[in-house]
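Structure record follows, encoded as structure tokens.
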Amino acid sequence: MRPMTITTSMDHMATRTRGFSRRRDVRQVVALWAVLTVLGVVFGLFVPARLMGPPASPTMRGIEDTMTVFSVAAAPVAAVVWAVALYSLLVWRHKGAGPPETDGPALRTSRPAAVLWILLSSVLCVFLLVWGLAEMGSVATAGSRNNPMVVNVTGNQWVWTFDYPDKGGVQSDQLYLPVDQPVVFHVRSKDVIHSFWVVKMGIKVDANPWEVTQTSVVPNKLGTFDIRCAELCGLLHADMETSAHVVSGAGFTQWLQAHGGHA
Amino acid sequence: MSSAELASRSGCKRTEVMHDDCRTGKGDTMSEAMVKHGALPTAEGGGGSMRHLNALTAVAGGVALAALGWLISHHFMQTDDPETSDQVVLITLGCWAVGFMAGIGAFAGPFRWLLGNDLTHADEMHLAGKDQGVGRYFRFTTDHKVVGVQYLIVTMVLLAVGGTLAMLMRTNLIVPHSNFLGPQTYNSLVGLHGIIMVIATIIMVTGPFGNFILPIMIGARDMAFPRLNALSLWLLVAAVPVLLSAGFMGGIPTGWSAYAPLADQATPGMDGYLMAIVIFAISSAVAGANITTTVLTMRARGMTWTRTPIFVYGVVASVGLALPALPMFMAAQVELAVDRTMEGQFFIASGGGSPWLYQNLFWLFGHPEVYVIVIPAVVALMELTPVFARKPLYNFNAAVLGIVGIVGLSIMVWAHHMYASGWAPDLNGPFMLTTEMISVPTGVLFLVVIGTIWRGRIWTTVAMMSVYAMLWNFIIGGVTGIYLSDVPADYALHGSMFVTAHFHYTLMGAGLTGAIGALYYWFPKMTGRMLSERVGFVSFWLVQIGFNVTFLGMFAVGLAGQPRRVFTYPHMFATGNFISTIGAYFIGIGMLITLYNVISSWRSGLVAPANPWGGKTLEWAVPNPIPLANFEVLPVVISDAYGYGEGDPQPPHWRADPHSPATPELVPAGAGTTISDTEGSPQ
Ligand code: HEM
Ligand SMILES: [Cu+2]
Ligand SMILES: [Cu+2]
């Protein structure tokens, strides 16, 4: 008895859906949706990652990919909402002054739409989660494999100091890193909370006065990159910035020696 | 003629604009008739000491007690130790609040009760503001309609102050190194703007519309606890000067989140902040208990849960969520106060405390708080969409479950604000899970709105256009929220202008937009006048376009790496910031036009018919001006209020209650009990 009811109701649903898709306004909304989706996908592919600039580490590359993938995945969903909204303004709008003379159709609910919408958004949600967890795994291991170099980072109002405990204790207010060498940062603060942020490397962790925090990265691009503070830390928080110089292995050794350390 | 009558007469003349009985002069006929028939005593002579108390005596009481508190504490406690000046400031501000509440008459009721004098009927009528003209807006008035209007005014004042600060901040950021405000002032304004706006937006829907409209919408004659209603409003009013006083004592140099240890070291402005939070938390607890009880116990006969309008769910969700959330914030601020004044060490690591404790408490409040703001605003728009689409609300059940789902999940996501803090990195994964799950019930709300719009007869009023603006802005706020929920992406974006742009898209783009839509929708019922649609559209487009320009600019500089809460920035961010500031000026002008529209329409707008939009909820069934007790005869509800297109002519969804107590005059102040009290009373 029961399975039969289900099949009949499925059949019924299918006929209803077929009838639905033959309506002119439905076809036009779908077309509008397709256009908006394409626009959204193009935007997602080219804009967010580009605004973030060229990545200076695999971590940042992964983050920019995330931004792109999430934007592309969101585009069709946003497009459903905007397509219906736009179409209703263009076509279903009551023209003329004063209230509409007639009511719209007494459409209280439609099971297929609700089921489909919730199913799709749940699938999307699971996808985001799996993607995020996978990425988190790779970020966590990024710098800690293969015998990383340790750099101590200290924030105090409103300067950053870096020292290299394994390299003869060299100290500097600019960060020097050899390219392609995994680094672990041990981050702390002398006064209030700061947040250590190497923008183009996609790493950030709070510098706390009471406990050492950690983050790690493999810089894979030569050049000079901005380091900023990302936690309001008092008067000159805005000025609390310095540079990270990613140099060749030889260049790094040279720099260490020039500052009284050793490789 | 008694002095009270004189006062009310002259009040009437001066303020023909107020929505009350005064305008048409008809409002009093019913009660006059009743008085003539001897059914009721007049309001004359009621009120006792309350007759002499109003906003002026409140301010006088507050200032007097504050001065006394300051003199005494300053004399006995003030030393060179900065801790002692915090003590003096806190005592002074606390005295202000107590004096203010005494001066408004908040303690008169309990005190009389202590002395064994229960309120007479005349007292209750006086408390309800009967025959007091505009004066009742400046008193401890229990009529929920008066309280609703008072909340509206407080909200607008707060938004105006917060908005002005935003304009100053954006002006400072128009070019790098502008030095318009300087770092000291800028830093103290960021936090002040933030907390003022947060408080304004928490109350902006549940205050004005939750108090004025909701009781009528559910067919009640007042709230369950009218005196608590007045209490919550006047506590809020008492908190406003306390909060603003922070601006004169060094501001809030920590941002609105007031993280320790920076907050431990901050100037006495911090004391203003924390005292305001404590008072506000009490106010909102009182309001939340009141609204929740009202909805649970005072819905009209026949108004089952499935026939209860969706707006009622939204308001209950909001105040119900605030009930557990705000005490976290309050506890955190009390602990901060103890740290600042009595070496409490709650948040001081060297003394055994933990700043991470503060962060947890703050966000245990802070995340639910965004839903406290957004849910009622979006649901207000959901309530008006069927009216302007002339269609039933699409999938009511899904709407209810969506709201419930959001509320349930929103208390389990707080540590997504702490991914990069170093606290419990192992929890980042689970918090990412709960956060991303919220997108499902949120998506359901979108489905409900677009389902309602689908093939509707869209009447594009300003209120309805706010729905469209919300659909645009809230999608952007939601999608950018998904980026931020992703742990690695948040490592890149946390603490940047991207976050700022994201939450403005939700709080302002969806929240404030929803509240403005709700204002256009319900203003005719609240004031008896229509807001000008033409002026409304000018301001609508200025605000919405300006808003998108401002915060799209902020997204761009945030992605490029500009931190938030900065008074200046490197040249690489100059273009985005310039664009953002120009957009902000558009918002500012648009908001001023809205303000102008409200004031001018209130005074001389078109007189509104009782039901200008063709709405079916019960508030549209009561006449303008609304009688003191709302309904002469209580309604019985027989179906929900969304039956558009169902039968021609449509059957009414409510009828008069044959068992209705026919003495609506007996209601205010204690409405919860009057209905049964009056059941057998002689007519
Ligand atoms: C007139 C429109 C507005 C403009 C131009 C504006 C502008 C700004 C700016 C420039 C900041 C500083 C950003 C940062 O450094 O993080 C800010 C922060 C903030 N705004 Fe607005 N805002 C506006 C309206 C609102 C509204 C309606 C709310 C409602 C909740 C709001 C809530 C906040 C909050 C909570 C902060 C964070 C403060 C902090 O970081 O401590 N703003 N706003
Ligand atoms: Cu900083
Ligand atoms: Cu949150």
Side-chain angles (χ1 to χ4, degrees), chain A residues 25 48 51-53 62-63 66-67 70 74 78 81 84-85 88-89 92-94 99-100 102-109 113-114 117-118 121-122 125 128-129 132-133 135-136 139 192-193 195 199 202-206 208-211 213 226 228-238, chain B residues 183-184 187 254-255 259 261-262 349 355 389-392 394-395 398 420-422 429 432-433 436-437 439-440 443-444 446-447 450-451 453-460 468 471 475 479 482-483 486-489 491-492 494-496 556 559-561 563 565-569 614 644-646:
Chain A
D25 49 8
L51 284 170
M52 296 178 92
I63 290 169
T66 303
M67 300 293 286
F70 282 18
V81 174
V84 174
S88 71
L89 277 180
W92 291 325
R93 189 159 83 89
H94 160 68
T102 56
D103 286 355
L107 183 69
R108 285 243 173 205
T109 183
W117 183 267
I118 292 175
S121 56
S122 306
C125 175
L128 299 179
L129 183 73
L133 287 174
E135 206 197 348
M136 252 173 86
V139 168
V192 299
I193 305 173
S195 199
V199 179
I203 55 167
K204 179 182 294 138
V205 71
D206 281 5
N208 295 315
W210 63 94
E211 199 166 308
T213 53
D226 292 325
R228 297 210 166 85
C229 174
E231 183 64 52
L232 178 56
C233 53
L235 193 64
L236 298 183
H237 163 60
Chain B
Q184 185 101 47
N187 287 359
T254 58
Y259 273 17
L262 203 54
R390 292 294 197 257
K391 277 187 65 204
Y394 176 82
N395 212 335
S421 70
M432 179 163 76
L433 165 71
E436 287 176 352
M437 276 165 65
S439 60
V440 177
V444 167
F446 278 107
L447 177 71
I450 60 171
I453 287 173
W454 181 263
R455 292 174 58 208
R457 308 270 180 277
I458 311 295
W459 183 10
T460 46
Y468 288 97
L471 289 177
I475 287 274
V479 171
I482 289 173
Y483 304 147
D486 184 81
V487 175
Y491 289 153
H494 174 77
S496 77
L559 285 170
R565 298 167 167 177
V566 290
F567 67 92
T568 186
Y569 48 82
Y644 292 96
E646 294 174 346

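Naming convention: chains lettered A, B, ... in sequence-line order (proteins, then strands); numbering from 1 in each chain.
- Within the 3.5 Å criterion, the main-chain N or O of A/Thr109 finds no donor-acceptor partner in the side chain of B/Asn395.
- Of the atoms belonging to A/Ile193, heavy atoms from both backbone and side chain fall under 4.5 Å from chain B.
- Taking every heavy atom of both residues into account, B/Val440 and A/Cys125 meet most closely at CG2-CB, 4.1 Å.
- In this structure, the portions of B/Ala560 lying under 4.5 Å from any heavy atom of chain A include both its backbone and its side chain.
- Ring geometry, B/Tyr483 versus A/Phe70: the interplanar angle falls under 30°, so the pair is classed parallel (tilted spans 30 to 60°).
- Closest non-hydrogen pair, A/Thr213 versus B/Gly422, comes out as CG2-CA, 3.8 Å.
- Comparing B/Leu262, B/Thr254, B/Val566, B/Val487 by how many heavy-atom pairs each has under 4.5 Å with chain A, the most go to B/Leu262.
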Practice task
Show the numbers, then the answer: is there a side-chain contact (heavy atoms from CB on, under 4.5 Å) between B/Arg457 and A/Asp103?
Solution key: CA-CA 7 Å; B/Arg457 308 270 180 277; A/Asp103 286 355; 5.9 Å; no
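- Across all non-hydrogen atoms, the minimal contact from B/Ala489 to A/Met67 is CB-SD, 4.4 Å.
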Exercise for the section: Give the C-alpha distance, both sets of side-chain angles, the deciding distance and a yes or no for side-chain contact (heavy atoms from CB on, under 4.5 Å) between A/Leu236 and B/Phe567. Expected result: CA-CA 8 Å; A/Leu236 298 183; B/Phe567 67 92; 4.0 Å; yes
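- Using modelled atom types, no side-chain atom of B/Asp486 and backbone atom of A/Thr66 make a donor-acceptor pair closer than 3.5 Å.
- A/Arg228 contributes a side-chain N or O that, together with a main-chain N or O of B/Gly561, makes up a donor-acceptor pair within less than 3.5 Å.
- Counting only heavy atoms from C-beta outward, the side chains of B/Met432 and A/Leu133 approach each other to under 4.5 Å.
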Practice task
In sequence, state the C-alpha distance, the side-chain angles, and the governing distance for A/His94 and B/Ile458, and then conclude on side-chain contact (heavy atoms from CB on, under 4.5 Å).
Solution key: CA-CA 5 Å; A/His94 160 68; B/Ile458 311 295; 5.8 Å; no
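- With chain A as partner, the option from B/Ser439, B/Pro261, B/Pro488, B/Ala398 having the largest number of non-hydrogen pairs under 4.5 angstrom is B/Pro488.
- A/Trp117 places a side-chain N or O within 3.5 Å of a backbone atom of B/Gly443 that can act as its donor or acceptor partner.
- A/Val192 touches chain B through backbone and side chain together, each having a heavy atom under 4.5 Å away.
- Of the possible donor and acceptor atoms, one in the side chain of A/Lys204 sits under 3.5 Å from a partner among the backbone N and O of B/Ala492.
- Annotation: maximal heavy-atom pairing with chain A below 4.5 Å, among B/Tyr491, B/Tyr644, B/Trp459, B/Tyr569, occurs at B/Trp459.
- Using a 4.5 Å cut-off between heavy atoms, B/Val479 touches chain A through its side chain atoms alone.
- Of the two parts of B/Tyr468, only the side chain, counted from C-beta on, holds a non-hydrogen atom closer than 4.5 Å to a non-hydrogen atom of chain A.
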